[in-house]
Visitor: 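My questions will all concern the structure given below.
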Amino acid sequence: MKNCILIYVFALVLLASCQSESSEVRVIEDFNFGWKFNLGDEVDAYKVDFDDKSWREVQLPHDWSVEHSFTQEKTGGATAFLPGGIGWYRKSFTIPQSAKDKIVWIEFDGVYTNSEVWINGQYLGERPFGYAPFSYDLSKHLKFGAENVITVRADRSAYIDSRWYPGSGIYRNVKLIMANKVHIPQWGTFVTTPEASTEKAQVNIKTTIQNRVSYDQKVVVRNSIFYQGERIEVGENEVNIISGEQQEFSTDVNILNPNLWSPESPSMYKLVTELFVNGVNIDRYETPFGVRSFYFDAEKGFFLNGKNTLIKGVCLHHDGGLVGAAVPRGVWERRLQKLKDAGCNAIRTAHNPPSAEFLDICDEMGFLVQDEAFDEFQNAKDKRRNYNQESVDDITKGYAEHFDDWSERDLTNMILRDRNHPSIIMWSIGNEIEWTFPQYGNATGYWGGNKVGDVNYYWDEPPFSVEKVKELFYSNEQEDICAKTAKRLSAIVKKYDTTRPVTANLVIPTVSMFSGYADALDIVGLSYRRAVYDYCRRNYPDKVILGTENWVRYQEWEPVLEHDYMSGIFMWTGIHYMGESRKWPVRGSGSGMLDFAGFENPSYHMFKTLWKEEPHIYITTQVEEKSPYKAGKNGTVREKEEGWADHQKWGWQDVNKHWNYAEGDVVMVEVYTNQPEVELFLNNQSLGVKKLADVHDHILKWAVPYQQGELKALAVNNNTTAVIKTSLEPVSFSVNVDKKTLQADAYDVAHFEVQLKDKDGEPVRAIENEVVFQISGPAKLLGVDNGSPKSVQDYQNNSVVTSEGKCLLIIQSTLEKGEITVEVNLNDKSEKVIIKSI
């Protein structure tokens with residue numbers, strides 16, 4: 001009996017040890033904490049014994065540029081008048097002695113830019129491309145059971161190296177991974193759904209296994225599929241992994257009655273891949289994925305899960321306004337939810353690979369994604385003029401000089417990292433590349449010595465026949481590097497993923513369609529080329545074409561409604577972005593549906609009326625002198641310049657959201673709506689009914705002699721209304737907070753939106769004032785903003801002057817729990833808002 005008890009106890013101990021081993025077969029450590037940072041070059045900072053006591057502590061992701069004031073000194077408008085420089089990061093950490101037989105590597109999701117990494121003084125390598133994910137094996141350089149030091153140098157001394165704001169430093173997440181020597185490497189699974197219907201899904205799973213022991217290893221691979229925490233399918237197979245090799249194995253698992261992924265219902269599954277040797281679990285790797293099918297048709301457009309679907313897309317740069325390029329998840333969630341509320345269902349990641357976390361959010365929220373790789377090939381774009389670079393200087397040197405050496409590795413990593421995201425429906429290899437190859441533009445008849453009369457690139461079809469353009473193009477004896485490179489990049493994509501089409505944003509399709517560039521693509525993306533949609537269909541009927549960069553105007557959406565072959569568009573842009581400015585003090589582009597603070601612009605409401613079925617009405621106003629419209633006879637309104645609406649490009653016309661003018665002003669009232677007829681009232685007096693059927697630009701317009709009071713737009717067929725009122729001096733404010741509790745994880749964020757109010761509680765949008773914040777408790781200030789492109793106030797400040805009577809504060813939790821108090825102050829008015837960190 002005693003022996004039986006001992007055997008039983010031994011069995012329990014063995015079981016417990018196996019369970020412990022199973023739970024620690026792969027350790028994934030959040031490596032964002034405990035870093036030190038120094039701005040300025042330190043030639044010996046990579047050495048283990050370097051004294052970094054004077055360096056400040058930072059938490060990753062970290063963008064050092066956005067911490068500084070806007071300035072014209074050693075900055076440029078292209079990169080938002082914020083400084084660059086050279087930054088160093090150091091982190092000390094300990095790896096347990098028990099891990100000496102493990103493989104340990106570090107994963108960076110992006111460091112901007114020209115990064116170099118050392119471990120314990122040993123040089124690991126460089127990465128010139130600031131948007132590329134990359135990793136380094138640390139194993140042979142580590143001290144197990146002792147302190148280790150990892151050092152990162154980021155060099156953005158070329159502070160105008162981009163056409164938009166890139167950020168600076170380790171601005172994306174970092175992870176440390178420990179695994180057994182037989183393991184699934186980084187990005188080692190690839191999940192596709194060759195068959196996907198509501199009845200059945202065939203899930204194909206490709207698993208890469210690396211064997212770094214000195215003998216062949218028989219491994220049982222178990223693939224388990226989970227949905228909402230419940231395991232629904234499992235499959236096993238045994239494979240033999242040759243010593244020193246990395247091998248890929250494929251298997252299929254079926255799911256009955258799957259929940260299909262779509263923007264309306266973004267259902268996510270999880271694949272858990274486990275490796276077993278002699279019954280012992282030696283590795284565990286998780287892969288989120290979605291079940292969906294899609295295809296593009298040259299005549300009928302885009303189909304998702306068998307349903308014809310319009311792509312209602314926007315282009316987005318990677319900055320998050322006041323947080324710069326180090327964007328917390330909660331900031332993206334708020335911004336993307338607002339876009340989704342307007343009917344947006346697609347994102348183009350202009351013009352670089354986004355963060356992995358951004359794509360996770362797109363999966364979970366339900367956005368279709370065009371994942372883009374490069375803005376430049378071998379020839380650089382001019383960072384100051386947004387065109388072909390005419391001269392080279394040190395402060396504008398960017399990725400183009402590294403492209404030939406690094407583009408294959410960078411594109412490969414993008415595809416391997418991102419190919420399991422169901423949100424991604426196409427890969428883009430480049431943006432407006434043809435600008436930098438002069439033989440393309442010179443052959444068109446739009447520019448240079450071959451220009452024909454007053455032909456306009458944006459509004460007119462090519463002035464030459466296809467044959468004439470070919471003649472001019474091929475008369476140039478220069479090698480077509482552009483098309484050659486496109487073919488090379490497309491082949492790289494298809495080496496790792498053939499389930500999605502390859503596209504690019506073509507800016508000179510007149511040439512690209514026949515040069516070989518378009519032949520490298522499955523979908524031809526067109527950049528601001530509404531004028532050639534029909535031209536492309538006539539001359540190249542087999543090509544799938546798509547609007548991949550379009551102005552935020554109704555006229556850009558109209559062809560999508562008129563032509564079945566148009567799958568949709570991606571508008572420039574969904575949100576204001578920093579950089580691409582040509583004058584001081586303007587910190588960035590004002591072309592977004594949302595402004596820098598994530599507040600809704602008039603264009604947001606225009607497209608909400610186009611992309612959503614629910615009734616919507618929105619009012620804007622402007623004095624006649626500043627409006628593009630003028631009063632006509634009998635209450636009519638006309639464009640000051642005939643055809644003005646058809647020829648608008650970036651940005652929106654100058655309009656106000658208020659009803660505050662001088663007596664006698666003639667005010668042009670614009671109403672954006674999806675209701676067929678709207679009646680306008682001033683102080684309950686009807687100003688007449690306007691019909692959408694009678695306007696060509698989807699904007700209803702009235703010329704109204706100003707009177708103080710209330711302006712109301714009322715849908716004739718229902719009670720949908722929009723109201724704006726004359727406001728008085730601001731004496732108070734409202735505070736809207738998007739969260740009542742924060743997670744004490746040092747990541748979670750809360751947004752405080754402040755709106756000035758008058759004594760009657762009406763929003764004040766015509767007078768500005770300074771708002772001051774005081775924060776106490778376990779939270780830190782991320783920054784303040786008012787949303788205006790013309791604001792160059794410091795982000796990391798506790799006060800801000802409003803724009804249109806609004807401003808924003810963002811705070812972030814710490815690792816401590818407790819009560820957070822945010823006090824909002826306007827002159828002698830104060831209000832405290834309390835939220836909890838749990």
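Just so it is clear, the structure is predicted and the values come from calculations on it, not from any experiment.
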Visitor: Please check if the number of heavy atoms outside Gln72 that lie under 6.0 Å from its CD is greater than 12.
Guide: yes

Visitor: Pick from Thr621, Thr726, Asp665: which one makes a side chain to side chain donor-acceptor pair (under 3.5 Å) with Tyr706?
Guide: Thr726

Visitor: So, do Leu808 and Phe752 sit near enough that their side-chain heavy atoms are less than 4.5 Å apart?
Guide: no

Visitor: Roughly how far, to the nearest 0.5 Å, is CG of Leu60 from CD1 of Ile170?
Guide: 5.0 Å

Visitor: Around atom CD of Glu770, are there more than 12 heavy atoms from other residues, nucleotides or ligands closer than 6.0 Å?
Guide: yes

Visitor: Enter the distance from Leu359:CG to Ile347:CD1 here, rounded to the nearest 0.5 Å.
Guide: 10.5 Å

Visitor: For the backbone of Gln774 and the side chain of Asn798, can you confirm whether one donor and one acceptor N or O come within less than 3.5 Å of each other?
Guide: no

Visitor: Are any of the side-chain heavy atoms of His658 and Glu804 separated by less than 4.5 Å?
Guide: no

Visitor: Establish, from distance only, whether the side-chain atoms of Glu67 and His62 form a donor-acceptor pair under 3.5 Å.
Guide: yes

Visitor: Checking Asn683 side chain against Glu710 main chain: does a donor-acceptor pair fall under 3.5 Å?
Guide: yes

Visitor: Applying side-chain contact (heavy atoms from CB on, under 4.5 Å) to Val824 and Lys829, what does each step give before you reach the verdict?
Guide: CA-CA 8 Å; Val824 186; Lys829 175 72 174 179; over 6 Å; no

Visitor: Do Lys757 and Phe733 form a cation-pi contact, if we require the NZ or CZ to be under 6.0 Å from the six-membered ring centre and within 45 degrees of the ring's axis?
Guide: no

Visitor: For Asp748 and Asp745, which heavy atoms make the closest approach, and how far apart are they?
Guide: N-OD1, 3.0 Å

Visitor: Within a strict 4.5 Å, meaning less than it, do heavy atoms of the Thr741 and Lys739 side chains meet?
Guide: no

Visitor: Decide, yes or no, whether a salt bridge links Arg329 with Glu364 under the criterion of side-chain N to carboxylate O below 4.0 Å.
Guide: yes

Visitor: Is Asn345 reaching over with its side chain to a backbone N or O of Gly366, donor-acceptor style, under 3.5 angstrom?
Guide: no

Visitor: Do we get Arg587 above Phe596's six-membered ring, with its NZ or CZ under 6.0 Å from the centre and within 45° of the axis?
Guide: yes

Visitor: Check whether Thr721 reaches the backbone of Leu714 with its side chain - one donor and one acceptor, N or O, closer than 3.5 Å.
Guide: no

Visitor: Quick one, Glu333 with Lys340, criterion salt bridge (Lys or Arg N to Asp or Glu O under 4.0 Å). Give me CA distance, side-chain angles, the key distance, then yes/no.
Guide: CA-CA 10 Å; Glu333 288 174 337; Lys340 198 169 186 69; over 6 Å; no

Visitor: Would one find more than 12 heavy atoms of other residues, nucleotides or ligands at under 6.0 Å from atom CG of Asn718?
Guide: yes

Visitor: Check this for me, if you would: do Lys690 and Glu679 make a salt bridge, where the nitrogen-to-carboxylate-oxygen distance has to be below 4.0 angstrom?
Guide: no

Visitor: Can you find a pair of side-chain heavy atoms, one from Val822 and one from Phe773, that are under 4.5 Å apart?
Guide: yes

Visitor: Verify the neighbour count for atom CD of Glu663: are there more than 12 heavy atoms of other residues, nucleotides or ligands below 6.0 Å?
Guide: yes

Visitor: Would Asn550 and Glu556 count as having a side-chain donor-acceptor pair, cut-off 3.5 Å?
Guide: yes

Visitor: Within the 3.5 Å criterion, strictly below it, is a donor on Ser591 or Ser589 matched to an acceptor on the partner's side chain?
Guide: yes

Visitor: Is any side-chain heavy atom of Thr75 closer than 4.5 Å to a side-chain heavy atom of Leu82?
Guide: no

Visitor: Tell me yes or no: between the side chains of Ser791 and Gln793, is some donor less than 3.5 Å from an acceptor?
Guide: yes

Visitor: Within the side chain of Gln648, is there an N or O that forms a donor-acceptor pair under 3.5 Å with the backbone of Trp644?
Guide: yes

Visitor: Can any side-chain N or O of Asn786 pair as donor or acceptor with the backbone N or O of Val801 at less than 3.5 Å?
Guide: yes

Visitor: I'd like to know whether Tyr747 forms a ring-ring contact (aromatic ring centres under 6.0 Å, His included) with Phe33, so could you lay out the CA-CA distance, the side-chain angles of the two residues, the decisive distance to 0.1 Å, and finally the verdict.
Guide: CA-CA 11 Å; Tyr747 290 117; Phe33 296 90; 5.7 Å; yes

Visitor: Indicate whether any N or O donor in one side chain lies under 3.5 Å from an N or O acceptor in the other, for Thr620 and Tyr672.
Guide: yes

Visitor: Side-chain donor-acceptor pair under 3.5 Å between Asn660 and Ser727, yes or no?
Guide: yes

Visitor: Counting distance only, does the side-chain N/O of Asn674 pair as donor-acceptor with the main-chain N or O of Glu614 below 3.5 Å?
Guide: yes

Visitor: Are there more than 12 heavy atoms of other residues, nucleotides or ligands under 6.0 Å from atom NZ of Lys640?
Guide: yes

Visitor: Any carboxylate oxygen within less than 4.0 angstrom of a Lys/Arg side-chain nitrogen, looking at Glu762 and Lys725?
Guide: yes

Visitor: Quick check on the 6.0 Å ring-centre criterion: do Trp652 and Tyr604 meet it?
Guide: no

Visitor: May I ask you to check whether Trp551 and Trp572 place their ring centres under 6.0 Å from each other?
Guide: no

Visitor: Please tell me if the side chains of Asp595 and Ser788 come closer than 4.5 Å, counting only heavy atoms from C-beta onward.
Guide: no

Visitor: Quick check: closest heavy atoms across Ile619 and Ala722, and the distance to 0.1 Å?
Guide: CD1-O, 3.3 Å

Visitor: When you compare the side chains of Glu670 and Gln653, does any donor N or O come within less than 3.5 Å of an acceptor on the partner?
Guide: yes

Visitor: In terms of side-chain heavy atoms, does Tyr171 have a donor or acceptor partner in Asp109 at a distance below 3.5 Å?
Guide: no

Visitor: Any sub-3.5 Å donor-acceptor pair from Gln59's side-chain atoms to Ala746's backbone N or O?
Guide: yes

Visitor: Between Tyr89 and Lys36, is there a cation-pi geometry (under 6.0 Å to ring centre, at most 45° from the normal)?
Guide: no

Visitor: Begin with the C-alpha distance, continue with both residues' side-chain angles, and end with the deciding distance and a verdict on salt bridge (Lys or Arg N to Asp or Glu O under 4.0 Å) for Arg56 and Asp52.
Guide: CA-CA 9 Å; Arg56 66 185 177 95; Asp52 60 11; over 6 Å; no

Visitor: Is any side-chain heavy atom of Ile834 closer than 4.5 Å to a side-chain heavy atom of Glu819?
Guide: yes

Visitor: Is there a side-chain contact between Ser168 and Asp63, using heavy atoms and a 4.5 Å cut-off?
Guide: yes

Visitor: Enter the distance from Leu826:CG to Thr802:OG1 here, rounded to the nearest 0.5 Å.
Guide: 8.5 Å

Visitor: Lys338 vs Glu600, test: salt bridge (Lys or Arg N to Asp or Glu O under 4.0 Å). Steps then yes/no.
Guide: CA-CA 8 Å; Lys338 288 197 174 191; Glu600 297 89 348; 3.7 Å; yes

Visitor: So is Arg156 actually on top of Trp64's ring, under 6.0 Å and inside 45° of the axis?
Guide: no

Visitor: Does CG in Asn736 sit with more than 12 non-hydrogen atoms of other residues, nucleotides or ligands closer than 6.0 Å?
Guide: yes

Visitor: Begin with the C-alpha distance, continue with both residues' side-chain angles, and end with the deciding distance and a verdict on ring-ring contact (aromatic ring centres under 6.0 Å, His included) for His318 and Tyr165.
Guide: CA-CA 9 Å; His318 74 146; Tyr165 176 76; 7.3 Å; no

Visitor: Give the intermediate values and the outcome of ring-ring contact (aromatic ring centres under 6.0 Å, His included) for residues Phe37 and Trp88.
Guide: CA-CA 6 Å; Phe37 170 72; Trp88 284 85; over 10 Å; no

Visitor: Where the side chain of His576 meets the backbone of Pro789, is there a donor-acceptor pair that is under 3.5 Å apart?
Guide: no

